[in-house]
Amino acid sequence: MARRYDCSTAAGRADGLRAAALAVGRGELVVLPTDTVYGIGADAFDPWAVEGLLEAKGRGRTMPSPVLVASPDAVDDLVTGFGDQGWALVEAFWPGGLTLIARHRPTLSWDLGETHGTVAIRMPSHPVALDLLAETGPMAVSSANLTGRASPQDCDAAQSMLGDAVAVYLDGGPTPAAVASSIVDLTQEVPVLKRAGAISAERLRDVVPDLQTL
């Protein structure tokens, strides 16, 4: 049976983070608040756990999971060819609602789905998410909804969809944003905005003036 922890109290948050970190270490799924919407997460380096995440959402391997990190320091360990523009975007918008797509290091032993050698990476700004990531390391995290349904802004909505497919729910109250992160692809010569979201194209172009849009 899934366990749920109220992270609005110090004791509940401490107990929840401990339980969630242990669950991730066992290859189980957790739901956590982020600065955009609630996410469902698993150990990014556990292929069975990531497969379970996709199955819980009813999502195929052609829609691989993004990866959340606790610090920009993790970037060099995960990707190559980030470039000056990528680092400029990190400095301007991390932690926050910006996901960056880059080539992942070929030596990494993970399977996030059919990524074609890339990974979508983000550092969220929600303190509960950051505390958990600091304990677990990089996590595969996707929005905590069944595919085709609205992304949840509170723990109740996530739990009503995912139920006991998730081992631990971290209830951090309503998330501050109703939209998903913006996604910028850094794998091409010129950065491309793949999804408009929490950060507008105008704000992104303040940092990367040649940003293209689809």
ILVMFWY network linking [X] to [Y], side-chain heavy atoms under 4.5 angstrom:
X: L78; Y: L89; answer: yes
X: W87; Y: V69; answer: yes
X: M161; Y: V30; answer: no
X: I101; Y: L186; answer: no
X: V141; Y: L17; answer: yes

Of all heavy-atom pairs between [X] and [Y], which one has the smallest distance, and what is that distance?
X: P191; Y: V208; value: CG-CG1, 3.8 Å
X: V50; Y: L112; value: CG1-CA, 3.9 Å
X: P138; Y: V67; value: CB-CG1, 3.8 Å
X: W94; Y: I121; value: CZ2-O, 3.5 Å
X: L68; Y: P124; value: CD1-CG, 4.0 Å
X: A44; Y: A140; value: CB-N, 3.6 Å

Apply side-chain contact (heavy atoms from CB on, under 4.5 Å) to residues F93 and V184 and explain how you reach the verdict.
CA-CA 12 Å; F93 299 113; V184 173; over 6 Å; no
Just do the side-chain contact (heavy atoms from CB on, under 4.5 Å) check on D171 and Y38 with the steps written out, would you?
CA-CA 9 Å; D171 185 356; Y38 269 75; 3.6 Å; yes
Between [X] and [Y] (salt bridge meaning N to carboxylate O under 4.0 Å), is one present in this structure?
X: R203; Y: D206; result: no
X: R4; Y: D156; result: yes
X: D35; Y: R122; result: yes

Rounded to the nearest 0.5 Å, what separation is found between the [atom1] atom of [X] and the [atom2] atom of [Y]?
X: L204; Y: L211; atom1: CG; atom2: CG; result: 6.0 Å
X: S181; Y: R195; atom1: OG; atom2: CZ; result: 4.5 Å
X: D84; Y: E91; atom1: CG; atom2: CD; result: 11.0 Å
X: T34; Y: L132; atom1: OG1; atom2: CG; result: 12.0 Å
X: E51; Y: R61; atom1: CD; atom2: CZ; result: 7.5 Å
X: S71; Y: L133; atom1: OG; atom2: CG; result: 10.5 Å

How are the rings of H104 and W110 set to each other: parallel, tilted or perpendicular (split at 30° and 60°)?
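If you compare the ring of H104 with that of W110, the planes turn out perpendicular.
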According to side-chain hydrogen bond (donor to acceptor under 3.5 Å, both in side chains), who are the partners of S160, at least two apart in sequence or on a separate chain?
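So S160 forms no side-chain hydrogen bond (donor to acceptor under 3.5 Å, both in side chains) with any residue.
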side-chain hydrogen bond (donor to acceptor under 3.5 Å, both in side chains) involving R205 - partner list, sequence neighbours excluded:
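Counting only residues at least two positions away or on another chain, R205 forms no side-chain hydrogen bond (donor to acceptor under 3.5 Å, both in side chains).
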Exceeds 12 heavy-atom contacts within 6.0 angstrom, atom [atom1] of [X]:
X: D210; atom1: CG; value: yes
X: E114; atom1: CD; value: yes
X: W48; atom1: CH2; value: no

Test item: [X] side-chain N/O and [Y] main-chain N/O as donor-acceptor pair under 3.5 Å:
X: S143; Y: N145; result: no
X: S182; Y: G197; result: yes
X: T99; Y: A120; result: no
X: T80; Y: R105; result: no
X: R13; Y: G172; result: no
X: T147; Y: K57; result: yes
X: R103; Y: T187; result: no
X: Y5; Y: A14; result: no
X: T115; Y: T118; result: yes
X: D164; Y: A2; result: yes

Less than 4.5 Å apart, side chain to side chain, heavy atoms only: is that true for [X] and [Y]?
X: D46; Y: V24; value: no
X: M123; Y: L130; value: yes
X: V168; Y: L170; value: yes

Could you work out, with side-chain contact (heavy atoms from CB on, under 4.5 Å) as the rule, every residue matching L162, not counting sequence neighbours?
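Partners of L162 by the side-chain contact (heavy atoms from CB on, under 4.5 Å) criterion, ordered by chain and then number, come out as V31, I40, A144, L146, V166, Y169.
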Evaluate the side-chain contact (heavy atoms from CB on, under 4.5 Å) criterion for residues L108 and F45: first the C-alpha distance (whole Å), next the side-chain angles of each, then the deciding distance (0.1 Å), finally the verdict.
CA-CA 8 Å; L108 292 178; F45 296 98; 4.1 Å; yes
I would like to know whether D43 and T136 meet side-chain contact (heavy atoms from CB on, under 4.5 Å); could you show each step before the answer?
CA-CA 7 Å; D43 181 352; T136 64; over 6 Å; no
